[in-house]
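First comes the structure, then the notes that go with it.
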Amino acid sequence: VLSSVMAPLWHGPPTGTWPTVTSVTEHLSIPTAAGSFDAIAAGPEDGRPVLLLHGFPEAAIAWRYQVAALGERGFRAVAVDQRGYSPGVRPERPAEYGISELVADVVAIADALGWERFDLVGHDWGGAVAWWTATDHPDRLRSLAVVSTPHPAALAVALKTDEDQANRSRYMTEWRATPATERAMLADDARALRQIFGRDVPRDAADDYIQRLQEPGALTAALNWYRSGRPPAALGAVDTPVLYVWPTEDAAFGDVAALGTAAHCSGPYRFEMLEDVSHWAPEQAPEAITTLLLEHFDAT
């Protein structure tokens with residue numbers, strides 16, 4: 001089933017206005033063989049489990065609005081600080097941030113939480129990990145929802161055929177090849193990192209992310225996701241029910257990869273575009289993302 005809605009769902013809140021989050025009261029430490037992952041959580045322990053994965057250069061709190069709303073609806077929502085972002089899981093070698101290790105973390109976290117099957121949600125790098133998890137462990141997922149990040153095979157095609165996407169993705173190569181990236185990003189009160197967020201991430205959240213990344217080794221760990229080597233593009237079709245949300249103003253991913261994602265989803269598939277929304281959709285358009293997630297879970 002392919003559903004593609006072209007009408008705009010969200011135009012963003014006025015500058016400086018953000019939904020109030022009151023329900024994220026739990027902070028977890030989730031033990032695994034790789035180390036302990038920090039997380040935020042909401043909802044009853046016996047609620048339908050949902051795991052949310054953030055991207056670069058953020059943390060679990062990127063999903064704070066969705067975690068709170070899902071918890072209020074009776075889901076058990078957990079958003080984790082992923083490998084390198086959790087101080088308890090911060091290996092030094094770039095090779096330890098390969099896609100196999102990142103997918104293994106997802107499974108290990110679910111196991112530690114006692115979840116046999118769960119809904120998986122990802123954004124940015126968290127979206128890439130989510131796509132791979134759905135391919136490698138389809139038996140563990142009830143559904144998949146990805147914001148921004150196209151299917152890796154669709155992105156690989158776009159990188160070869162679409163000059164626009166190649167230009168959008170050039171920063172990935174620069175960050176891998178430039179040892180001075182950390183110094184440049186943190187110079188002048190992390191001005192470069194703040195420019196990445198622009199005005200689409202609340203200032204208090206951006207300050208929180210930057211404070212975390214200023215900890216010794218933290219930014220290098222986050223950049224090691226890019227330096228571990230490209231994951232293989234030969235990824236099979238996903239038959240898990242998928243919701244894919246693409247913001248039309250996403251600076252990282254263009255329409256060729258976004259529209260090409262449908263060809264790599266063999267199960268129920270819903271595609272939504274958020275018009276006038278940037279890459280930071282979970283925080284810029286929290287109500288729209290939450291509504292889409294609730295509809296997706298209700299349908300699966």
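Starting from 1, each residue takes its place in the sequence as its number. Quick caveat, the model's predicted, so the values are computed rather than measured.
- Atoms CZ and CZ, from Arg199 and Arg194 in turn, are 15.5 Å apart once rounded to the nearest 0.5 Å.
- Remark: Ser86 pairs with no residue by the side chain to side chain donor-acceptor pair (under 3.5 Å) rule, at least two apart or across chains.
- In this structure, Trp131 contributes its side chain and Thr149 its backbone to a donor-acceptor pair below 3.5 Å.
- Under the rule for a ring pair (Phe, Tyr, Trp, His ring centres under 6.0 Å), the partners of Trp280 that lie at least two apart in sequence or sit in another chain are Phe197.
- Between Ser36 and Val89, the closest heavy-atom pair is O-CG2, 3.4 Å.
- The heavy-atom pair separating Val238 from Ala134 by the smallest distance is CG1-CB, 3.9 Å.
- Around the CD atom of Glu116, the shell of radius 6.0 Å holds no more than 12 heavy atoms that belong to other residues, nucleotides or ligands.
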Tell me which donor-acceptor pairs under 3.5 Å the side chains of residues 250-257 have, and how far apart each pair is, sequence neighbours excluded?
from: Asp250; atom 1: OD1; to: Ala252; atom 2: N; distance (Å): 2.8
from: Asp250; atom 1: OD1; to: Phe253; atom 2: N; distance (Å): 3.2
from: Asp250; atom 1: OD1; to: His279; atom 2: ND1; distance (Å): 3.0
from: Asp250; atom 1: OD2; to: Ser148; atom 2: OG; distance (Å): 2.8
from: Asp250; atom 1: OD2; to: His279; atom 2: ND1; distance (Å): 3.0

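- Judged purely by distance below 3.5 Å, without hydrogens or angles, the side chains of Ser143 and Asp119 pair a donor atom with an acceptor atom.
- Separating the CG atom in Asp188 from the CG atom in Leu186 is a distance of 11.0 Å, to the nearest 0.5 Å.
- By the side chain to side chain donor-acceptor pair (under 3.5 Å) test, Tyr209 is found to be paired with Glu283, residues two or more places apart in sequence or in another chain being considered.
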For the pair Thr181 and Arg227, evaluate side chain to side chain contact (heavy atoms under 4.5 Å, CB included) and give the outcome as yes or no after the intermediate values.
CA-CA 12 Å; Thr181 299; Arg227 294 168 176 165; 3.7 Å; yes

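- Without hydrogens or angle criteria, Thr248 side chain to Asp276 main chain gives a donor-acceptor distance under 3.5 Å.
- For the salt bridge (charged side-chain N to carboxylate O under 4.0 Å, His left out) condition, the pairs that include at least one residue of residues 125-154, sequence neighbours left out, are Asp111-Arg140.
- For the residue pair Glu182/Thr220, the side-chain donor-acceptor check at 3.5 Å is satisfied.
- At a cut-off of 3.5 Å, with distance as the only test, no side-chain donor of Ser278 or Glu249 sits close to an acceptor on the other residue.
- Counting heavy atoms from C-beta outward, Thr290 and Trp63 have side chains that stay 4.5 Å or more apart.
- Note that CG of Leu293 is 11.5 Å distant from CZ of Arg73, once rounded to the nearest 0.5 Å.
- A side-chain contact (heavy atoms from CB on, under 4.5 Å) with Phe118 is found for one member of Val78, Val106, Leu113 and no other, namely Val106.
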Side chain to side chain contact (heavy atoms under 4.5 Å, CB included) between Phe75 and Leu294: does it pass, once the steps are laid out?
CA-CA 10 Å; Phe75 292 84; Leu294 289 170; 3.8 Å; yes

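- Under the 3.5 Å distance criterion, the side-chain polar atoms of Glu101 are matched with a main-chain donor or acceptor of Gly98.
- Within the 4.5 Å cutoff, the side chain of Cys265 has no heavy atoms near those of the Leu144 side chain.
- For Glu215 and Arg90, the salt-bridge test passes: some basic side-chain N is under 4.0 Å from an acidic carboxylate O.
- Val201 and Ala206 make their closest contact through CG1-N, 4.0 Å (heavy atoms, listed as atom of the first residue, atom of the second, distance).
- Residues Val67 and Leu52 form a side-chain contact, since some pair of their non-hydrogen atoms from C-beta on lies under 4.5 Å apart.
- In terms of modelled atom types and a separation under 3.5 Å, the side chain of Arg93 and the main chain of Ser228 share no donor-acceptor contact.
- Here the CE-CG distance, from Met172 to Leu223, works out to 12.5 Å after rounding to the nearest 0.5 Å.
- Side-chain atoms of Val147 and Leu292, non-hydrogen and from C-beta on, never get closer than 4.5 Å to each other.
- Judged as a salt bridge (Lys or Arg N to Asp or Glu O under 4.0 Å), and not counting sequence neighbours, the contacts of Glu45 are Arg76.
- Within the 4.5 Å cutoff, the side chain of Val121 has heavy atoms near those of the Phe297 side chain.
- Taking CD1 of Ile196 as the start and CD1 of Ile210 as the end, the distance is 9.0 Å to the nearest 0.5 Å.
- His264 is linked by a ring pair (Phe, Tyr, Trp, His ring centres under 6.0 Å) to His151, counting only residues two or more places apart in sequence or in another chain.
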Run the side chain to side chain contact (heavy atoms under 4.5 Å, CB included) test on Trp132 and Leu235 for me, step by step, so that the C-alpha distance in whole Å, both residues' side-chain angles and the decisive distance to 0.1 Å come before the verdict.
CA-CA 8 Å; Trp132 279 97; Leu235 189 66; 3.1 Å; yes

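- Under the side chain to side chain donor-acceptor pair (under 3.5 Å) criterion, Gln165 pairs with Ser169, not counting sequence neighbours.
- Environment of CZ in Arg117: crowded, with over 12 heavy atoms of neighbouring residues, nucleotides or ligands closer than 6.0 Å.
- Taking 4.5 Å as the limit, every side-chain heavy atom of Tyr85 sits out of range of all side-chain heavy atoms of Glu58.
- Asp204 pairs by the salt bridge (Lys or Arg N to Asp or Glu O under 4.0 Å) definition with nothing, not counting sequence neighbours.
- Asp81 places a side-chain N or O within 3.5 Å of a backbone atom of Ala60 that can act as its donor or acceptor partner.
- Val103 and Ile30 fall within a single hydrophobic cluster, where Ile, Leu, Val, Met, Phe, Trp and Tyr are joined by side-chain heavy atoms under 4.5 Å apart, directly or via other members.
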Would you sort out whether Ile40 and Leu28 count as a side chain to side chain contact (heavy atoms under 4.5 Å, CB included), showing the intermediate values?
CA-CA 6 Å; Ile40 58 172; Leu28 308 180; over 6 Å; no

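- The ring pair (Phe, Tyr, Trp, His ring centres under 6.0 Å) test applied to Phe37 returns no partner, not counting sequence neighbours.
- The two atoms that bring Leu274 and Ala281 nearest to each other are CD1-CB, 4.3 Å, heavy atoms only.
- Applying the side chain to side chain donor-acceptor pair (under 3.5 Å) criterion to Asp105, with sequence neighbours excluded, gives Arg83.
- Shown here for Leu193 and Pro57, the closest heavy-atom pair between the two residues is CD2-CG, 4.1 Å.
- More than 12 non-hydrogen atoms from other residues, nucleotides or ligands lie less than 6.0 angstrom from CD of Gln214.
- Between the side chain of Tyr97 and the main chain of Pro91, a donor-acceptor pair closer than 3.5 Å is present.
- Qualifying ring pair (Phe, Tyr, Trp, His ring centres under 6.0 Å) partners for Phe56, counting only residues two or more places apart in sequence or in other chains: Trp175, Tyr226.
- Around the CD atom of Glu92, the shell of radius 6.0 Å holds no more than 12 heavy atoms that belong to other residues, nucleotides or ligands.
- In this structure, Leu53 and Ala130 approach most closely via the heavy-atom pair CD1-N, 4.3 Å.
- Atom-to-atom distance recorded for Asp124:CG and Trp225:CH2 is 9.0 Å, nearest 0.5 angstrom.
- Pro150 has its side chain within reach of Tyr244: a pair of non-hydrogen atoms, C-beta onward, lies under 4.5 Å apart.
- For the pair Trp125/Gln82, no side-chain contact is recorded, criterion being any heavy-atom separation below 4.5 Å from C-beta on.
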